[in-house]
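Counting starts at 1 for both ligands and their atoms, following the listed order. Please read all numbers here as calculations on a predicted model, not as lab measurements.
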Amino acid sequence: MVGGGFMARTHAHAARAAGAHVVALTSSSRESAERAARALGVPETAPDVVALARQVDVVHVCSPNAVHAAHALAAIEAGAHVVCEKPLATSAGEAAVLVRAADEAGVTATVPFVYRFHPMVREARARVAAGAVGRLLTVRGTYLQDWMLDAGADDWRVDPEAGGPSRAFADIGSHLVDLLEFVAGDQVVRLAATIARAHPVRAGRPVLTEDAAAVVVETRGGAVGTLLVSQVSAGRKNALTVELAGTAGAVQVEQERPDELWLGRPEGATVLARDPARLSPDAARLSTVPAGHPMGYLDAFEAFARDTYARVRGEEPDGLPRFADGLRAARLTDAVLRAAASGTWVPVDHSEGAP
Ligand code: SOE
């Protein structure tokens with residue numbers, strides 16, 4: 001583990017559930033590494049990422065955003081497989097370097113876009129691929145939270161030095177675009193955007209990064225849509241929603257109702273309950289408890305870790321978010337910032353691996 005915060009705890013739990021032994025941890029200082037290692041029951045600490053990577057098979061990078069790229073690269077160069085938190089890097093150029101490095105080293109390199117691992121998300125994806133929405137006409141995505149609403153709310157991500165040039169979009173917009181493109185099997189090709197800051201100053205520091213972003217998108221397949229990302233939406237805790245509507249019907253997944261799938265038809269909408277006996281194979285595979293036994297975020301995280309470790313062992317699980325998907329989200333984040341700064345439509349770069 002690299003890092004000792006909330007995400008390191010979640011990764012350690014998920015890695016253990018996948019059968020891993022969490023053997024060592026490094027953090028920004030020796031004291032914080034020792035504290036986190038004690039709290040997470042990790043037997044050893046390492047002085048830095050290189051030393052850590054030399055003694056393990058898989059490195060989980062859970063450090064602040066601005067150092068993800070350097071830590072992931074150090075781990076790859078030391079020969080380890082890598083799980084790197086999103087945003088994979090704070091620019092598309094850096095993310096592209098990581099994709100190339102992981103390919104050249106032949107290591108497994110994944111990004112925890114864990115919402116892909118809710119069984120009903122897989123069900124939506126399977127139904128869309130089988131033609132349930134027909135030709136996609138509109139997409140609507142929202143990811144709303146409220147933990148940055150108060151002027152007094154502060155976080156390391158507010159500081160671009162630690163969090164990078166984008167805050168809300170890099171943090172949660174990255175999940176939204178990943179989920180949308182994953183379920184749709186389509187990609188955003190151009191977008192226009194505007195961003196907002198709720199407070200000019202937080203904790204005595206001027207705020208340079210966005211609290212909210214509103215984006216208009218067009219997809220390769222010709223659909224149009226909107227994305228709203230905000231961390232200042234009162235009452236919304238982790239409200240990630242994706243709706244895809246087409247000529248034959250519509251689907252909507254809601255992260256806070258992970259055991260349901262909304263299906264829209266002109267004659268009326270229905271809500272499908274998660275029941276592995278009635279789901280597509282991939283949704284049934286990820287449905288690790290029977291119908292009526294609620295599944296959630298930690299189950300999705302565990303499934304992500306299981307599939308990552310299966311890939312390390314040479315299997316090819318479907319839908320595993322790789323570094324190329326982290327690069328994709330970084331490109332979309334770059335495009336949102338550029339569109340907001342210029343006030344114009346911007347194309348989203350699709351070239352493989354290149355910045
Ligand atoms: C905070 O915004 C956060 O924990 C994100 O960093 C996660 O990626 C998201 O899953 C939930 O919200």
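- Evaluated for a side-chain contact (heavy atoms from CB on, under 4.5 Å) with Leu191, the options Val348, Val177, Val216, Thr226 yield exactly one hit, Val348.
- Within a 6.0 Å sphere centred on CD of Glu316, other residues, nucleotides and ligands contribute more than 12 heavy atoms.
- Applying the side-chain hydrogen bond (donor to acceptor under 3.5 Å, both in side chains) rule to His11 yields the partners His60, Glu85; only residues at least two apart in sequence or on another chain are considered.
- Arg205 and Asp154 are joined by a salt bridge, as a carboxylate oxygen and a charged side-chain nitrogen come within less than 4.0 angstrom of each other.
- No hydrogens or angles considered: nothing links the side chains of Ser166 and Thr333 as a donor-acceptor pair under 3.5 Å.
- For Asp282, the CG atom counts as densely surrounded, since its 6.0 Å shell holds more than 12 non-hydrogen atoms of other residues, nucleotides or ligands.
- Annotation: ligand 1 has protein neighbours Lys86, Tyr115, Tyr143, Gln145, Trp147, Arg157, Asp171, Ile172, His175, Gln231, Asn238, each with a heavy atom less than 4.0 angstrom from the ligand.
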